[in-house]
Structures are given as C-alpha cells and as structure tokens.
Number of protein chains: 2
Amino acid sequence: MNALTALTSRVVVCNKRSNILREGDPCETIYLVRTGWACRHTILPDGKRQIISFVIPGDLCNDHGLLSKHMEHCIDTLTPCEIGVISPHQFLDMLNQHPRISRALYWSGLVTEAMLRERIVTLGRRNATQRIAHLFCELLLRLNAAGLAQNHRYELPLTQGDIADTLGLTIVHVNRVIQTMRTMGLIKLKSHVLEISNWDSLTALGKFDLRHVNGLTGNDDRTSTAQQLHWSPWPEGLASVH
Amino acid sequence: MNALTALTSRVVVCNKRSNILREGDPCETIYLVRTGWACRHTILPDGKRQIISFVIPGDLCNDHGLLSKHMEHCIDTLTPCEIGVISPHQFLDMLNQHPRISRALYWSGLVTEAMLRERIVTLGRRNATQRIAHLFCELLLRLNAAGLAQNHRYELPLTQGDIADTLGLTIVHVNRVIQTMRTMGLIKLKSHVLEISNWDSLTALGKFDLRHVNGLTGNDDRTSTAQQLHWSPWPEGLASVH
DNA sequence: CGCTCCCTTGATCCGAGTCAACAATCGTGG
DNA sequence: CCACGATTGTTGACTCGGATCAAGGGAGCG
C-alpha cells in the first residue's frame, strides 16, 4: 500500500469524531486513511446507529466509489486522522501502471466482503459474549496484518458505545460482558489499549474461526486460476499482468 | 444477462435442498443460476445456520470466485434449480469481448455488497417485525428487477425456517410475526406465493428505505466518473470500453 | 475548576427464545 | 388413489438474554 501513499497529492487532517463522507455525498475523489481509525455507518430514522465496518490505516474510504456517483452510507473518523487525497485520474493511472497494486486492491475488496459476510453471521447467530470476543479476535488479526499490533496487544480507539453500535447491542450490556471477560482474565482493556491475555480461551469463547479471515493471515492459498490465466481484475488493458 | 446464458456450455439440474458448493470446495468453474432459488449460508459449530444471501435466476454463484481458490461458505438450492456451467476460460473471454456485460457484472457486485451492508443494519438495529417487513420489500424490488414479480406479488420458496435463519430469529417468532401481518391485512402468504397487499403500510412498518436498493430500481444515477474516464472495471485490457 | 463524555452498577422489564403439542401439507411408494 | 411418514406451519405456556431506566463515579479537556 506504500505505492498508494505515494500517490496522495495532499493530506487532510481530520478531527476526532468528524465526518469524512456523508450519505449522498459525491464520491469521485479517493480517500486513503494514513493514520487513525474511521468507520462506515448508517443512522436510522429513529436515531439508532449501526456501524458497518472499520477503516484503519492503509484502507481506502471509497475504493469502488468510482462506479457509484454517491455515497450510500456515512464515514466518520473515530480518532484524529490523516487522510490522503487521490484524484480519480491518478487512481486510474495507477491501476493501469501497477497491476500488482490493482490486484492487491481487488483482493482487499474480497477480504472486505468476506468480513461483511462474517459480520452477518455474528449478528444473526451469536450471543453478546461471542460477538465481542469475535470482534476483538478479528481486530487483532487485522491490525497484525497492518503492523499495528504486537503480541496480542493493540490500540483500540473504540468507546463501548461504538462497540455496541457495531455488534447490535447496548452500551450497558457491552460493559457487563467486558467486565466479565476482565474478571475471567481473558483480556485487559484500559485507556484504549486492548491486550488479549488468553487467546485460546477468547477464541474458544467467541467460536472464532480462522478460516474466515484467511486473507489477512498471509498464508492464503488463493488466486490460482486468475493468475494462471494472466488475468488482472481491474485495469484498463494497458496493464501487463504478472 | 442473456449473453451470459448463451455462454453456458452445459446445464446441470439440481434437486431442491441440495448442495451446489460446499465450504472449501474449489471454485474455478462459474455457476449461473438459470431457474430456481439458492442461498449462501454458513453452518456454525453448534449447528445453527445463518443464511447470508439469496441467489435468484440470473445470479452467479461465485462471480469473483476466480480470485479465490476455495469457497468460504456453502451454497445450497432452495428449490429445484437449473444451473448453467461456465468454464473460467469462457468467462474471461467474455469479460474481454463484452465490456458491457463486464460492467453489468461489476455493477451487480456493488449492488450485492450494498445488500450485505443493509442486512447488517437489519440484523444489528431492527426488531423482528421490521426485519421481516424489510425482507419482503427488498425481495419484491429485486424480483421485480429480474422480471419475477408482478403487481406486488411473487413466488417465495422460503420456509419460515429459512426466513428465521436469514434474519437471526426463530421459526416460532417468524410465524407469529407473519400471523400478525396477515391479520393486519398487510400481506397474503399462502403456498409459497407472497402478495404485499398494502405496500405503504409494510414499508412504513419495516422502515424500508428505497435508497439502499437503488441499484435495483433502474433509475440509478451512478457510473459517471468511470464512464467519463473510459474505464472498465474488469477486463484484461483487450476490451475497448463503450 | 467545572463540563462533558464515558464507564460502571443495580433494578426492572420485555422481545424473542425455548419447550411442547398438534394440525396441515407434501411427497412417495404401494 | 390412498396411506403413511416427514417436513412445515401454528399456537400456548414459560423462560431468559439483553434492553431500558436510573444514578453515580472517573477521566480528559478547555
């Protein structure tokens, strides 16, 4: 993703808890989060919020935005963020000239979709404890892949309200479950740093299954057919594959 | 999608409630559902099932499967299905030679992702009544777009158990909610045919918001930037755009 | 120093789950 | 065409996980 960083013509600094993109906003410009966390979310008519996914350093806010004229959901920062701005022209040029990045981007789109599906499973069929355990495990893997976690420990800038709105729970209940996890010695969570003290127990508690985040672990076994066929998912045709 | 149909070298007929693709299966081959319904789902270790999405006539079972070596979830038929089989070579050739279909496919991928996000909102922040109302409305629009519904009426081959596993509810509760909707005169549901008798009330009940299924309604306002830039999402580079 | 979020805990309530029994429908083979 | 077993739908009684309401306590910050 460093090549993407190089592309950013300018960097915008956003305050904590501020709005990057609002539902209905035009989205020609590509935004790359360089530091900080953001989240996609929807506000329902009755004021309830559902967080759909998190955007962490290295992620694009609207990677396939090029085909959509308008945003379908909001993106807000959770922490102060540095956001790189990429013009559509630059972005498309990059796609054409750097097939490897193109493929990495497409790949990350697939991982994103897999995470959305897994979230659906979580919300549909797991209880509060499993949901929270699952989220903590998933974030560890993801942040690990981004180099933002060391030995089962990472910065977690979410409030308990954010966690509640991610997992379809209430603040109060999230708090109680986290308390239990603390007293069980599974996690330490203090001033927005999470440490998973007992990975095995936590994964067991959350029925966390590594298969679904395979794309994050590095030891994925995919991309055969397309590569065999010298096929590139994105580019214009100017790109020579492999 | 007719051009896709033409591509299918052979057609497989599957029984009702049979397995098309299993988690971990290799997925080089592309499967196009020509008639019948199928669903993506996951079975959890404790035996619970979560249905992730429905596959209806015209949909591909594994469109971006070309980049994944293995399936990450199962696909089962819900009704008897005729499934067209497309080899990866044929598929890629098509992508190169028919940029319009390519774009339509990419577009449908975006719509799919939007539906996944909307399902997350449903599961996270809507109650049982809203979930069911929402599902019925969403399916009407989707089937309408596929020409499979006429005046607020369509074939719904789901059992109440399927609906429960889609919406994170139990069979019993789904049944009670549907009963209520019937007695309120909102819907008629009998021998797998659903009629929405009172669209306005049902959408109000489900807080159903047309924005999120915009891609289905035909009057979408997207694809500007990419088209202006003569950019095609998929192809090899052999494709000349528009 | 005082506000404003955020976290924490208790008491109570309710939407949806569980358990159980039975009716209706469907499909299949005799 | 009917009989039988197997799904699917329906309803009631009861339970429970998580929501709601309410009240303090802490921590960051201007």
Side-chain angles (χ1 to χ4, degrees), chain A residues 15-18 37 44 46-51 76-80 122-135 155-183 187-194 205-206, chain B residues 15-18 37 44 46-51 76-80 122-135 155-183 187-194 205-206:
Chain A
N15 286 328
K16 170 180 176 172
R17 306 273 157 186
S18 64
W37 286 45
L44 294 179
D46 58 2
K48 285 178 189 160
R49 177 178 64 152
Q50 177 65 44
I51 293 178
D76 278 10
T77 60
L78 295 167
T79 66
T122 290
L123 291 173
R125 289 293 180 220
R126 289 193 244 254
N127 65 23
T129 308
Q130 295 170 335
R131 290 181 201 192
I132 293 176
H134 211 272
L135 178 66
E155 224 171 293
L156 181 72
L158 308 177
T159 66
Q160 295 185 356
D162 295 328
I163 296 175
D165 287 348
T166 305
L167 299 178
L169 301 168
T170 55
I171 298 186
V172 173
H173 201 62
V174 166
N175 183 279
R176 286 194 233 270
V177 172
I178 287 182
Q179 293 297 356
T180 308
M181 287 179 172
R182 278 202 261 246
T183 59
I187 61 166
K188 287 179 190 128
L189 176 56
K190 172 109 187 169
S191 21
H192 290 225
V193 173
L194 177 75
L205 193 64
Chain B
N15 286 329
K16 169 179 177 173
R17 307 272 158 186
S18 64
W37 285 44
L44 293 179
D46 58 3
K48 286 178 189 159
R49 177 178 65 150
Q50 176 65 44
I51 292 179
D76 278 9
T77 60
L78 294 167
T79 66
T122 290
L123 292 173
R125 288 293 180 223
R126 288 193 245 255
N127 65 26
T129 309
Q130 295 171 334
R131 291 182 201 191
I132 293 175
H134 211 272
L135 178 66
E155 224 171 292
L156 181 72
L158 307 177
T159 66
Q160 296 186 353
D162 296 328
I163 296 174
D165 287 346
T166 304
L167 299 177
L169 301 167
T170 55
I171 298 186
V172 173
H173 202 62
V174 166
N175 183 280
R176 286 196 234 270
V177 172
I178 287 181
Q179 293 297 357
T180 309
M181 286 179 172
R182 279 202 260 245
T183 59
I187 61 166
K188 288 181 189 125
L189 176 56
K190 173 109 188 168
S191 23
H192 290 221
V193 173
L194 177 75
L205 193 64

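As a basis for the values below, the full set of heavy atoms in this structure was taken, side chains included, without hydrogen atoms, waters or symmetry mates. First the proteins, then the strands, lettered A, B, ... as listed; each starts at 1.
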Between [N] atom [atom2] and [X] atom [atom1], what is the distance in whole Å?
X	N	atom1	atom2	result
A/Arg126	C/dG17	CZ	P	17 Å
A/Leu78	C/dC5	CG	P	16 Å
B/Arg176	D/dA13	CZ	P	10 Å
A/Ile163	C/dC5	CD1	C1'	16 Å
A/Arg125	C/dT18	CZ	P	9 Å
B/Ile171	D/dT11	CD1	C1'	14 Å
B/His192	C/dA24	NE2	C1'	12 Å
A/His173	D/dT20	NE2	C1'	13 Å

Checking contacts here: which listed nucleotide ([options]) is nearest the side-chain heavy atoms of [X]?
X	options	result
B/Asn175	D/dG18, C/dC7, D/dG9	D/dG9
A/Gln160	C/dT8, D/dG9, D/dG18	C/dT8
A/Thr159	C/dG17, C/dC7, D/dA19	C/dC7
B/Val172	D/dG9, D/dC21, D/dG12	D/dG12
B/Leu169	C/dG17, C/dT8, D/dG18	C/dG17
A/Gln179	D/dG9, C/dT9, C/dG17	C/dT9
B/Thr170	D/dG18, D/dT10, C/dG17	C/dG17

Worksheet item: Of all heavy-atom pairs between B/Gln50 and A/Arg125, which one has the smallest distance, and what is that distance?
Response: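 For B/Gln50 and A/Arg125, the tightest heavy-atom pair comes out as OE1-CG, 3.3 Å.
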Response to the item:
Smallest heavy-atom separation, B/Thr166 atom then B/Leu123 atom, equals O-CD2, 4.0 Å
Item to complete: Name the nucleic acid region contacted by B/Arg182, choosing base, sugar-phosphate or nothing; use a 4.0 angstrom heavy-atom cut-off, strictly under.
Response: sugar-phosphate
Practice prompt. Classify the nucleic acid contact of A/Arg17 as base, sugar-phosphate or nothing, counting any heavy atom under 4.0 Å across all strands shown.
Written response: nothing
Fill in: B/Arg126 and A/Asp46 ion-paired at < 4.0 Å
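Salt bridge flag = no for A/Asp46 with B/Arg126.
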Worksheet entry | Side-chain touch A/Arg49/A/Asp76, heavy atoms, less than 4.5 angstrom |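 They are not in side-chain contact.
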Practice prompt. Specify the residue among B/Lys16 and B/Lys48 whose closest nucleotide of DNA chain C lies further upstream toward the 5′ end.
Written response: B/Lys48
Practice prompt. Hey, which sits more toward the 5' end of DNA chain D by its nearest nucleotide, A/Ser191 or A/Thr129?
Written response: A/Thr129
Worksheet item: What's the spacing between A/Leu135 CG and A/Leu158 CG if we round to 0.5 Å?
Response: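 Those atoms lie 7.0 Å apart.
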